[in-house]
Amino acid sequence: MPGVCWVFLLVLLFAHICDGFYLPGSYMHTYSTKDTIFAKVNSLTSIETELPFSYYSLPYCKPLGGVKKSAENLGELLMGDQIDNSPYRFRMNVNESLYLCTTSPLNEHEVKLLKQRTRDLYQVNMILDNLPVMRIAKQNGVNIQWTGFPVGYSPPNSNDDYIINHLKFKVLVHEYEGSGVEIIGTGEDGMAVFPKADKKKASGFEIVGFEVVPCSVKYDPKAMTKLHMYDKVSSVNCPLGLDKSQIIRERERISFTFEVEFVKSDIRWPSRWDAYLKMEGARVHWFSILNSLMVITFLAGIVFVIFLRTVRRDLTRYEELDKEAQAQMNEELSGWKLVVGDVFREPDCPKLLCVMIGDGVQIMGMAAVTIVFAAFGFMSPASRGMLLTGMIILYLFLGIVAGYVSVRLWRTLKGTSEGWRSVSWSVACFFPGIVFVILTVLNFILWGSKSTGAIPISLYFVLLSLWFCISVPLTLIGGFIGTRAEAIQYPVRTNQIPREIPARKYPSWLLVLGAGTLPFGTLFIELFFILSSIWLGRFYYVFGFLLIVLLLLIIVCAEVSVVLTYMHLCVEDWRWWWKAFFASGSVSLYVFLYSINYLVFDLQSLSGPVSAILYLGYSMIMAIAIMLSTGTIGFITSFYFVHYLFSSVKID
């Protein structure tokens, strides 16, 4: 009790000191006039190839102190981000136009590389105070915004390419006066706290916007080589004609310059990401949700009102009969009541089923917790790679749940704990093993292309160490706890001789595959936005909608699986275990087919077999994860439904 009192007193004291609390995902930097700020550069990216490359793989100007990599988290490394320092130096509230450097004469290799990156529509991604640079252009009177700016451009009906070598930056700043608000965050540079007493230090200017107008300028190399880095040059009016633009060809010397203008803005620091996260197509999201609700209502109406009432009526009628009448009725039974002695017979490949259910619980738990945290704003886009890092950490620690569920199901099926270690090891290796094999194949392709998207060997060892030191032990611990848990008791006995299943006019798997269309109907619109964010470089931040879609998907998967299980039992097919799993898990087939459709019709800019193989490889991982998670939902729901159904039957 004294410890609790001390904690309570500390909380009260902290609450008294703080006038406010803010958790934006990255803490606020304030700058005084003439404070020096350096921009950073990320990997060059393209929606045509999906192969990221290092910024300094092209002949750009390098910082005076040499290139230094920024600290990157696990998620950033896996996504192919490579954040380096750059020579672009700004001084707060100082408008200036500066010279950077002039390259040596371009050789054949550099010209070939610049032309290739230009024609593959590669974008330069620059970051200032953790904000990506934004380019705004008008098309048909509408402002369109992109993050990043192109390496160069190729005019129509011309074989020449021109490099972007002059950048006009506009930095939006908001004047901030400290008000005793404590600011605590998890930005890329760590943590910051501005106490009430530190009001003067917190005052200053905060960066709330970072825009660029790129252009190509032909300079006189003889005159420019006399300048030093950060010498002043005259301002440039963009855009210029092709005769005044810098062409890419051998023996050309390219001079790089930039100018910066600081503009005061009313945008406050917490709202500075709004420009990047503007939610387009909100009506489409709501339409998707309403469509899903209609499907759910339709299924619920059929399943839980009509058919469950029928089942209960049958059971009530059966229980009201005396023993002689029951015995007579047993001879006249039909439908699901006939398979009472076989319904809990051990399925084919019971170990594989337990393993897939265990992995499915782990993946679904990871997805649900991640989406909930993201929906409540804990996965800020300012913290790059945090979403992926959080997912990996959650997956590792949820191994204990996967081990418990799989071993408990194994005990239920087998009636003994023998072999639980093998089941636990299989759970720990099954899905990670599939992902490891696919990523290794894709990684060899990326290594061959010299892309920054390739996972370094050191990171491979880090991931393997995390898996072996965290996920495997926790899965084994979960399995051990599962052996100590009470096995689920079947409500009826299983006959020694299996009952013959009547012949059917059509294969039951057709019905199982068709059932996946209903869960896919709740998912496909949101899937379009997710694929666009991954492959077209758009920000996805409508996690509130995604959370609703996830809940609807869980309900639809459960309903579809229960309906199909009941239909199979009614035609005396007692092999429901795997069919219950794939009734909802078959949605993954439609997700993968939709991914191929998206590749053909929406990613028409994607060029080359390497890019297509990468896309299909990552889509395969996504489809397998969806199959395991949705199949698990369907199986668990069907299992408890069948258990409830036959627990009311008194047939000996």
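Since the structure is predicted, the reported quantities are computational estimates derived from the model, not experimental observations.
- Between the side chain of Y219 and the backbone N or O of T102 there is no donor-acceptor pair closer than 3.5 Å.
- Applying the salt bridge (Lys or Arg N to Asp or Glu O under 4.0 Å) rule to pairs touching residues 222-239 yields nothing, sequence neighbours excluded.
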Under the ring-ring contact (aromatic ring centres under 6.0 Å, His included) criterion, do F53 and Y122 qualify, and how do the steps go? CA-CA 9 Å; F53 290 97; Y122 270 86; 5.7 Å; yes
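- With rounding to the nearest 0.5 angstrom, the OG atom of S216 is 9.5 Å from the CD1 atom of I247.
- Salt-bridge formation is not detected for the pair K170/E261: no Lys NZ or Arg NE/NH1/NH2 atom is positioned less than 4.0 Å from an Asp or Glu carboxylate oxygen.
- Side-chain rings of F205 and Y31 stay apart, their centers remaining 6.0 Å or farther from each other.
- D35 places a side-chain N or O within 3.5 Å of a backbone atom of S32 that can act as its donor or acceptor partner.
- Side-chain atoms of D84 never come within 3.5 Å of backbone atoms of V67 as a donor-acceptor pair (strictly under, hydrogens ignored).
- The line from CG of L387 to CD1 of I392 is 10.0 Å long, rounded to the nearest 0.5 Å.
- A donor and an acceptor atom, one from each side chain of S265 and H174, are nowhere located under 3.5 Å apart.
- Pairs of residues two or more places apart, or lying in two chains, that qualify as salt bridge (Lys or Arg N to Asp or Glu O under 4.0 Å) and include a residue from residues 233-252 are K218-E252, R249-E252.
- D161 and T118 form no side-chain donor-acceptor contact under 3.5 Å, judged by distance and modelled atom types alone.
- Side-chain contact, S43 with Q82: no donor N or O sits under 3.5 Å from an acceptor N or O.
- Using a cut-off of 4.0 Å between Lys/Arg side-chain N and Asp/Glu carboxylate O, D129 and R272 are scored as salt-bridged.
- Remark: the N165 side chain and the T257 side chain contain no N/O donor-acceptor pair separated by less than 3.5 Å.
- The distance from atom CZ of F149 to atom CZ of R135, rounded to the nearest 0.5 Å, is 9.5 Å.
- If you check the side chains of E259 and H166, you find a donor sitting under 3.5 Å from an acceptor.
- Between Y88 and F258, the distance from one ring center to the other falls under 6.0 angstrom.
- Side-chain contact annotation: T103 with Y60, donor-acceptor N/O pair under 3.5 Å absent.
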